[in-house]
2 protein chains.
Amino acid sequence: MDRTIVDNQQDDLQKKLQNILKRTGPLLSSCPIRNILDRFSDKWSTLSIIHLGDAGTLRFNELKKRIDGVSQRMLTVTLRTLERDGLVKRRVYAEIPPRVEYELTDLGRSLLVQIIELGDWASNHSQQIIQARERYDTRERNVVMAEL
Amino acid sequence: MDRTIVDNQQDDLQKKLQNILKRTGPLLSSCPIRNILDRFSDKWSTLSIIHLGDAGTLRFNELKKRIDGVSQRMLTVTLRTLERDGLVKRRVYAEIPPRVEYELTDLGRSLLVQIIELGDWASNHSQQIIQARERYDTRERNVVMAEL
DNA sequence: CAGCATCCAAACAGATACTG
DNA sequence: CAGTATCTGTTTGGATGCTG
């Protein structure tokens, strides 16, 4: 038993990776993993989940105010999708003027954990990425200049 | 000291969430976190990283064969972006016919860990999401039928 | 207030043809 | 082999106007 914790973590990751690859079959459209990763595709999904996770419950316009730059249309579309996927719960109150409240479901909260970890990674590595971009762009510019 | 491990994990998440929110300022376009999360936007980035992580080093067409459905153009664009961000290393051999090999950088491998965790979450919860969608769509259909 | 419907511009992505 | 260039259909998303 000379396996370290790091070894076991590696094994764990390796196993998960194989599982993902197995599930990423030739039928890309029906791939369940792709399907969920696509939730990260649109900018607003992640931000909506983050803000709902932070605030607990929010009305439509409260959420809209928090997510800078989102149009009404896109927030509506985003919330519908999240609701359909069972990540967000929508509660309508029969009042005038109408009141609609949104909050995360248990499933949504478990996804929030993943998003936070991802955001944390991004936060911790953004500097490295920005520097890499600058290096790359400088190199490009030099090549272009050499061609002139 | 009656705080449980779960409590501390909650604190940790809470702290990370606050940090993310702080960094998600009004200037959305320049937000470093958004910038990195956008790497998840396009379908091919994640798949490229997963396959490179699995195989180690791959030539352009080897990678293309593994990623079902990707066009040459999109794979090229994707790899350029990943290279620019310092996630993928591109090595060109001065041979004829040309040989180009791609592999993850250290930064890319650290992102791979995050992608695997995310994919693992997706894999474990895809069933719940599919069921939620079916429930939602059925409900929709009923509403429509009631209106007829 | 919360939203749906429509229009339109811009970004995206596939197919095709060509090149060092 | 590993691209680049171009053309084009599709998708996206903002702006605007209207409704219960």
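Every chain is numbered from 1 and lettered A, B, ... according to where its sequence line falls, protein lines coming before strand lines.
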Take the protein atom [atom1] of [X] and the nucleotide atom [atom2] of [N], then report the distance between them rounded to whole Å.
| X | N | atom1 | atom2 | answer |
| --- | --- | --- | --- | --- |
| A:F60 | C:dC4 | CZ | C1' | 11 Å |
| A:Y93 | C:dG3 | OH | P | 13 Å |
| B:E83 | D:dA2 | CD | C1' | 13 Å |
| A:N61 | C:dC1 | CG | P | 6 Å |
| A:K64 | C:dG3 | NZ | C1' | 12 Å |
| A:L63 | C:dC1 | CG | C1' | 14 Å |

Exercise for the section: From the options A:N19, A:L21, A:I20, select the one residue that forms a side chain to side chain contact (heavy atoms under 4.5 Å, CB included) with A:R23. Expected result: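 Answer to the side chain to side chain contact (heavy atoms under 4.5 Å, CB included) test with A:R23 among A:N19, A:L21, A:I20: A:N19.
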Exercise for the section: Could you tell me whether B:K15 and B:D12 have a side-chain N and a carboxylate O separated by less than 4.0 Å? Expected result: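 No, this pair does not count.
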Which distance, rounded to the nearest 0.5 Å, do you find between the [atom1] of [X] and the [atom2] of [Y]?
| X | Y | atom1 | atom2 | value |
| --- | --- | --- | --- | --- |
| A:H51 | A:L104 | NE2 | CG | 12.0 Å |
| A:I116 | A:I50 | CD1 | CD1 | 7.5 Å |
| B:R59 | B:K65 | CZ | NZ | 9.5 Å |

Could you write out each protein N or O paired with an N or O of nucleotides 11-13 of chain C at a distance under 3.5 Å?
{"from": "C:dA13", "atom 1": "N7", "to": "B:R73", "atom 2": "NH2", "distance (Å)": "2.6"}

Handout entry: Closest to side chain of A:R59, choosing from C:dC1, C:dG3, D:dC1
Key =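 The listed nucleotide nearest to A:R59's side chain is C:dC1.
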Practice task
Could you tell me whether B:Y102 contacts a base, only the sugar-phosphate backbone, or nothing, with contacts defined as non-hydrogen atoms closer than 4.0 Å?
Solution key: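 Sugar-phosphate contact only.
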Exercise for the section: Remember a base hit wins even if backbone is also touched, and classify A:E95 as base, sugar-phosphate or nothing at under 4.0 Å, heavy atoms. Expected result: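 Counting heavy atoms under 4.0 Å across all strands, no contact is made by A:E95.
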Problem - Short side-chain N/O contact to C:dG3 OP1/OP2 from A:R99, under 4.0 Å - result: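 No, outside the criterion.
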Problem - N or O in side chain of A:R80 less than 4.0 angstrom from C:dG3 OP1/OP2 - result: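 Answer is yes, contact under 4.0 Å.
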Exercise for the section: Given side chain to side chain contact (heavy atoms under 4.5 Å, CB included), test A:E103 with A:R91 step by step and report yes or no. Expected result: CA-CA 8 Å; A:E103 65 180 321; A:R91 203 167 315 173; 2.4 Å; yes
Problem - Base C:dC4 to side chain A:Q72, donor-acceptor N/O within 3.5 Å cut-off - result: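 Pair found.
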Exercise for the section: Please confirm whether B:R133 makes a cation-pi placement over B:Y136, using NZ or CZ under 6.0 Å from the six-membered ring centre and within 45° of the ring normal. Expected result: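 The answer is no; the distance or angle limit is not met.
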